[in-house]
Amino acid sequence: MPELPEVETIRRCIEPELVGQTVTEIIIRNPNLRWPIPEDFSRTLPGQKIVAVDRRAKYLLIRTKAGTAIIHLGMSGRLLVCSPDRSVEKHDHIDLILNNGRLLRFNDARRFGCALWTAGPAMQHPLLKDLGREPLEDGMTGKYLFDQSRRRSLAVKEFLMNSRIVVGIGNIYANEALFAAGINPARSAAHISAKRYNKLAAAIKTVLKDALEQGGTTLRDFCDAAGNPGYFQLKLMVYDRADEPCYSCGAAIHYVRQAQRSTYFCGKCQR
DNA sequence: ACTGGCTCCTGAGGGC
DNA sequence: TGCCCTCAGGAGCCAG
């Protein structure tokens, strides 16, 4: 379940392997991802030299002079840099073969991910152009969250997970950031003070940076492009801890459903 | 302009 | 052992 720390971990892992390499061939075993892999993707990419590997929100951007491949891992997507000798496994949908003899392999059991192509400026792509702020950038402040949340009736947790406001925060880190900020996830976004939003903005940055340092969260099968797991699951304060004692006050962690998502929080520490 | 609900998909895990 | 059911979740899309 890649959120920002997991996607950024993968980006850092694949960047040195890809930049400067030329794509010599593409193998597509199953084009039916969230959207079909466009013909442009397989036609244009071979012969192109990769000039950068960037990230915007949870999208990975593999840039060439001719355009940009836009990759989203959805919920179960993985990228692996490996040798062409590696055996092909179930759900290995795409291989990008590189001129150094290595390849980038995209595997996605649930196929919620996507691989798209844009010849124009990537940030103008419909999926990217309306995205909110990057949580680790300076512009993502408590004031920004406060201003955006006025006259919003939805719960603060759903507000945080809205990628038009702030990107990269999925269910795990929304739960964790709200715990760190001492805010009840069900509280209406509009009814939280500027002061508390300052605390929340700081909590988001701390949680995401910490998770990034740990190489992400591996609950079931997340790993980076070299196959290494993350370790942030050892530091989760509330996520997946229903009925277990709060590490801070000892009260039992609550579990509720919000917008079809699991929410975990401490009723004493979070108000 | 917002908001909540639905949807895609497969694999894991629980109950019987 | 095996079958059936439920759940997990990113985020676009659509109806209200």
Side-chain angles (χ1 to χ4, degrees), chain A residues 1-11 29-38 55-61 70-79 89-94 106-116 118 125-135 145 147-178 185-192 204 208 211 216-223 229-230 232-233 236 238-243 255-264:
Chain A
M1 34 209 86
E3 301 182 34
L4 186 144
E6 290 75 29
V7 177
E8 180 62 18
T9 294
I10 289 172
R11 191 199 68 77
R29 301 186 186 82
N30 183 354
N32 300 310
L33 305 181
R34 175 166 193 173
W35 298 284
I37 297 171
R55 179 189 58 75
R56 172 72 171 113
K58 297 172 189 168
Y59 295 93
L60 287 165
L61 307 175
I70 301 174
I71 293 177
H72 196 290
L73 300 174
M75 136 98 190
S76 56
R78 302 157 168 244
L79 286 173
E89 288 172 30
K90 202 173 177 184
H91 312 304
D92 282 344
H93 304 313
I94 307 172
F106 177 87
N107 175 294
D108 187 4
R110 263 151 269 190
R111 287 190 275 127
F112 284 14
C114 66
L116 301 173
T118 181
H125 190 276
L127 290 175
L128 304 183
K129 69 181 172 62
D130 296 320
L131 290 172
R133 295 197 179 168
E134 286 286 332
L145 292 178
D147 290 344
Q148 291 293 315
S149 64
R150 296 308 91 181
R151 289 176 295 283
R152 291 277 202 153
S153 62
L154 79 176
V156 62
K157 177 169 177 252
E158 294 161 55
F159 173 72
L160 274 192
M161 292 176 69
N162 181 343
S163 63
R164 292 182 183 242
I165 305 295
V166 53
V167 300
I169 306 173
N171 198 40
I172 296 174
Y173 298 112
N175 278 293
E176 293 298 311
L178 286 163
R187 184 172 288 277
S188 162
H191 298 146
I192 293 173
I204 290 166
L208 293 179
T217 301
T218 297
L219 287 179
R220 188 167 297 146
D221 52 12
F222 169 76
C223 62
F232 192 71
Q233 65 278 9
L236 295 174
V238 289
Y239 185 81
D240 205 22
R241 298 195 61 243
D243 300 327
Y255 169 86
V256 293
R257 299 282 294 175
Q258 277 183 288
Q260 290 88 243
R261 296 292 142 84
S262 300
T263 294
Y264 304 88

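So that the names make sense, note that chain A is the first sequence line, chain B the second, and so on, each numbered from 1. Computed over heavy atoms, backbone and side chain alike; hydrogens, waters and symmetry mates excluded.
- Residue A:His72 places none of its side-chain N or O atoms closer than 4.0 Å to OP1 or OP2 of C:dG10.
- The shortest distance between side-chain heavy atoms of A:His93 and A:Ile37 does not fall below 4.5 Å.
- Between A:Tyr255 and the phosphate of C:dA8, there is a side-chain N or O to OP1/OP2 separation shorter than 4.0 Å.
- Rounded to an integer number of Å, the gap from CG of A:Asn162 to C1' of C:dC13 is 14 Å.
- The residue A:Arg164 sits apart from the nucleic acid: no heavy atom pair falls under 4.0 Å.
- Rounded to whole Å, the distance from NZ on A:Lys157 to C1' on C:dA11 is 14 Å.
- Residue A:Ile165 contributes atom CD1, which lies 12 Å from atom C1' of B:dA1 at whole-angstrom precision.
- At a threshold of 4.0 angstrom between heavy atoms, the contacts of A:Tyr59 are confined to the sugar-phosphate backbone, with no base atom among them.
- Between the P atom of C:dC7 and the OH atom of A:Tyr264 lies a distance of 12 Å, rounded to the nearest Å.
- Here the side chain of A:Asn171 is nearest to one of B:dC2, C:dG10, C:dG12, namely C:dG10.
- Listed by chain and number, the residues in a side-chain contact (heavy atoms from CB on, under 4.5 Å) with A:Ser149 are A:Phe159, A:Ala189, A:Tyr197 (sequence neighbours excluded).
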Seminar exercise, completed: Each nucleotide of nucleotides 4-10 of chain B classed B (base within 4.0 Å of a protein heavy atom), S (only sugar-phosphate) or -, in 5' to 3' order, makes SBB-BBB
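- Atom CG of A:Asp130 and atom P of C:dG12 are 9 Å apart (whole Å).
- The CG atom of A:Leu236 sits 9.0 Å away from atom CZ of A:Arg241, with the distance rounded to the nearest 0.5 Å.
- Note: OH (A:Tyr173) to P (C:dA11) measures 14 Å, nearest angstrom.
- In this view, A:Asn171 and A:Lys157, A:Met161, A:Asn175, A:Tyr239, A:Arg261, A:Ser262 satisfy the side-chain contact (heavy atoms from CB on, under 4.5 Å) rule, not counting sequence neighbours.
- Across all strands shown, A:Leu127 has heavy atoms under 4.0 Å from sugar-phosphate atoms exclusively, and none from any base.
- In this structure, CD1 of A:Ile70 is placed 13 Å from P of C:dA11, rounded to the nearest angstrom.
- Closest approach of A:Pro2 and A:Gly77 over heavy atoms only: CG-O, 4.5 Å.
- The number of heavy atoms from other shown groups lying within 6.0 Å of CG (A:Asn32) is above 12.
- Summarising the geometry, the separation between CE on A:Met161 and C1' on C:dA11 is reported as 9 Å, rounded to the nearest angstrom.
- Note: A:Phe232 and A:Tyr173 have tilted aromatic rings, judged against thresholds of 30 and 60 degrees for the angle between ring planes.
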